[in-house]
Amino acid sequence: MTFTDELWSAIEPIYAEILAHPFIGGLTDGTLPRDAFRHFVVQDSHYLRDYARALAVCAAKAPDEQDVRAFADDAVGALAAEQGMHADFLGAFGESAEQAAAEPVLPTTRAYTSYLLATVYGGSFAEAVGAVLPCYWIYARVGEQLVPKGSPDPLYAKWIATYGDEAFQSVVRRVLALTDRLGEELSPAERRRVIEHFTTTSRYEWMFWDAAWRREAWPV
């Protein structure tokens with residue numbers, strides 16, 4: 001069993017719950033309320049700014065020059081996605097990226113990014129990779145599942161196509177190969193820490209979609 005096999009085995013129940021979530025189902029059948037999708041896009045814009053910072057820390061901690069460049073490129077790519085793709089989606093609502101940036105970072109987004117940044121700054125390179133990996137891998141797997149189904153809603157179909165794209169899938173395969181190389185060098189205690197971080201941020205991925213579905217707001 002490879003290290004990535006072990007990691008995926010740890011989150012199979014979480015991934016099953018993601019696929020079963022009504023937010024995901026609503027994307028493919030076109031019934032997802034537009035205000036739920038808007039909530040997702042706005043919070044994802046906030047999230048991706050901190051995710052880019054997390055990837056930059058991975059680049060700084062990477063011992064191999066090739067991995068430094070790769071994570072640095074991914075950090076730039078995350079910011080480009082936030083500025084480009086989300087601007088297009090917000091445009092569909094007649095809003096600008098500046099308006100979205102002025103909206104508050106909501107509880108699940110704040111919790112996820114706080115955990116993510118604390119882990120990448122405070123942990124080893126392997127722990128950092130484990131924490132950022134679900135955002136790569138789960139989106140790639142969800143994209144693979146949803147692309148054949150598509151969506152009758154052009155806006156949702158565009159979102160689905162983004163994560164089923166071969167260019168994105170290729171990036172994910174590169175990070176998975178790195179993860180397997182790291183796994184060969186880790187002690188049992190280090191492997192457990194990486195698995196814990198990977199499982200935790202996978203749970204946050206489910207929570208992120210659920211927060212959009214519920215139109216989460218600060219309670220006070």
Side-chain angles (χ1 to χ4, degrees), residues 1-11 14-15 44-86 105 109-144 162-208:
M1 178 181 287
T2 65
F3 190 36
T4 53
D5 288 337
E6 186 176 355
L7 288 168
W8 192 259
S9 178
I11 68 153
I14 300 169
Y15 179 64
D44 202 37
S45 295
H46 291 313
Y47 168 83
L48 283 173
R49 284 190 285 275
D50 279 338
Y51 189 65
R53 293 184 176 93
L55 294 175
V57 176
C58 288
K61 291 191 170 188
D64 182 271
E65 183 177 329
Q66 181 178 350
D67 295 327
V68 172
R69 289 196 301 268
F71 277 115
D73 287 345
D74 290 351
V76 172
L79 290 174
E82 187 270 324
Q83 293 170 351
M85 180 178 70
H86 288 85
V105 180
T109 310
R110 180 71 73 191
Y112 188 175
T113 58
S114 295
Y115 180 87
L116 188 65
L117 290 171
T119 301
V120 298
Y121 277 109
S124 65
F125 175 58
E127 289 177 82
V129 171
V132 302
L133 182 57
C135 191
Y136 286 99
W137 200 1
I138 289 176
Y139 272 77
R141 293 290 294 267
V142 168
E144 288 175 339
T162 300
Y163 295 103
D165 181 73
E166 174 56 27
F168 178 68
Q169 297 286 338
S170 176
V171 168
V172 175
R173 288 193 294 270
R174 183 253 300 160
V175 180
L176 293 174
L178 165 64
T179 304
D180 278 331
R181 294 199 308 272
L182 290 173
E184 294 173 358
E185 303 169 359
L186 299 178
S187 69
E190 290 172 319
R191 290 172 76 95
R192 286 193 296 271
R193 286 196 296 271
V194 173
I195 293 169
E196 180 183 0
H197 294 312
F198 177 73
T199 303
T200 299
T201 51
S202 295
R203 289 188 170 113
Y204 274 123
E205 288 293 335
W206 181 93
M207 291 170 64
F208 199 88

_Trp206 vs Tyr15, test: ring-ring contact (aromatic ring centres under 6.0 Å, His included). Steps then yes/no._
CA-CA 8 Å; Trp206 181 93; Tyr15 179 64; over 10 Å; no
*Check the pair Phe3 / Arg191 against side chain to side chain contact (heavy atoms under 4.5 Å, CB included), numbers first and verdict last.*
CA-CA 9 Å; Phe3 190 36; Arg191 290 172 76 95; 3.4 Å; yes
*Where do Thr179 and Leu133 land on the side chain to side chain contact (heavy atoms under 4.5 Å, CB included) test, with the steps shown first?*
CA-CA 9 Å; Thr179 304; Leu133 182 57; 3.9 Å; yes
_Contact between Val172 and Tyr163 at the side-chain level, heavy atoms closer than 4.5 Å - yes or no?_
no
*Taking only residues at least two apart or on different chains, which pairs with a member in residues 110-133 satisfy salt bridge (charged side-chain N to carboxylate O under 4.0 Å, His left out)?*
Glu127-Arg193
*Identify the two heavy atoms, one from Cys58 and one from Val129, that lie closest to each other, and give their separation to 0.1 Å.*
SG-N, 4.3 Å
*Do you know which two heavy atoms are closest between Cys135 and Phe168, and how far apart they sit?*
O-CZ, 4.4 Å
_Asp67/Arg181 ion pair, N-O < 4.0 Å_ = yes
_Side chains of Ser187 and Glu190 only: does a donor on one sit below 3.5 Å from an acceptor on the other?_
yes
*Which of parallel (below 30°), tilted (30 to 60°) and perpendicular (above 60°) describes Trp137 and Phe198?*
tilted
_Closest non-hydrogen atom pair between Ala75 and Ala56, with its separation_ = CB-N, 3.9 Å
*With the threshold set at 4.0 Å, does a side-chain nitrogen-carboxylate oxygen contact exist between Asp74 and Arg174?*
yes
*Minimum heavy-atom separation for Ala54 to Val132, with atom names?*
CB-CG1, 4.1 Å
_Any donor-acceptor pair under 3.5 Å from Lys61 side chain to Val68 backbone_ = no
*Can Glu196 and Arg192 be counted as an ion pair, charged N to O under 4.0 angstrom?*
no
_If you define the side chain from C-beta out and look only at heavy atoms, does anything of Phe71 sit under 4.5 Å from Leu178?_
yes
*Before giving the answer on side chain to side chain contact (heavy atoms under 4.5 Å, CB included), spell out for Ile138 and Ile11 the whole-Å C-alpha distance, their side-chain angles and the decisive distance to 0.1 Å.*
CA-CA 10 Å; Ile138 289 176; Ile11 68 153; 4.1 Å; yes
_Would Asp50 and Leu116 count as a side chain to side chain contact (heavy atoms under 4.5 Å, CB included) here? Give the steps._
CA-CA 8 Å; Asp50 279 338; Leu116 188 65; 5.8 Å; no
*asked:* A side-chain contact here means heavy atoms from C-beta on lying under 4.5 Å apart; do Leu186 and Val194 qualify?
replied: yes
*Any idea which heavy atoms bring Leu79 and Ala52 closest together, and the distance?*
CG-CB, 3.6 Å
_Tyr115: partners by side-chain contact (heavy atoms from CB on, under 4.5 Å), with sequence neighbours left out_ = Thr119, His197, Thr200, Thr201, Tyr204
*Over 60° means perpendicular and under 30° means parallel, so classify the ring planes of Tyr112 and Tyr47, tilted if in between.*
tilted
*Do Phe208 and Thr109 touch side chain to side chain, with heavy atoms closer than 4.5 Å?*
yes
*Return the minimal non-hydrogen interatomic distance between Ala59 and Ala72, and the atom names on each side.*
CB-N, 3.7 Å
*For atom CD of Glu166, is the number of surrounding heavy atoms from other residues, nucleotides or ligands below 6.0 Å larger than 12?*
yes
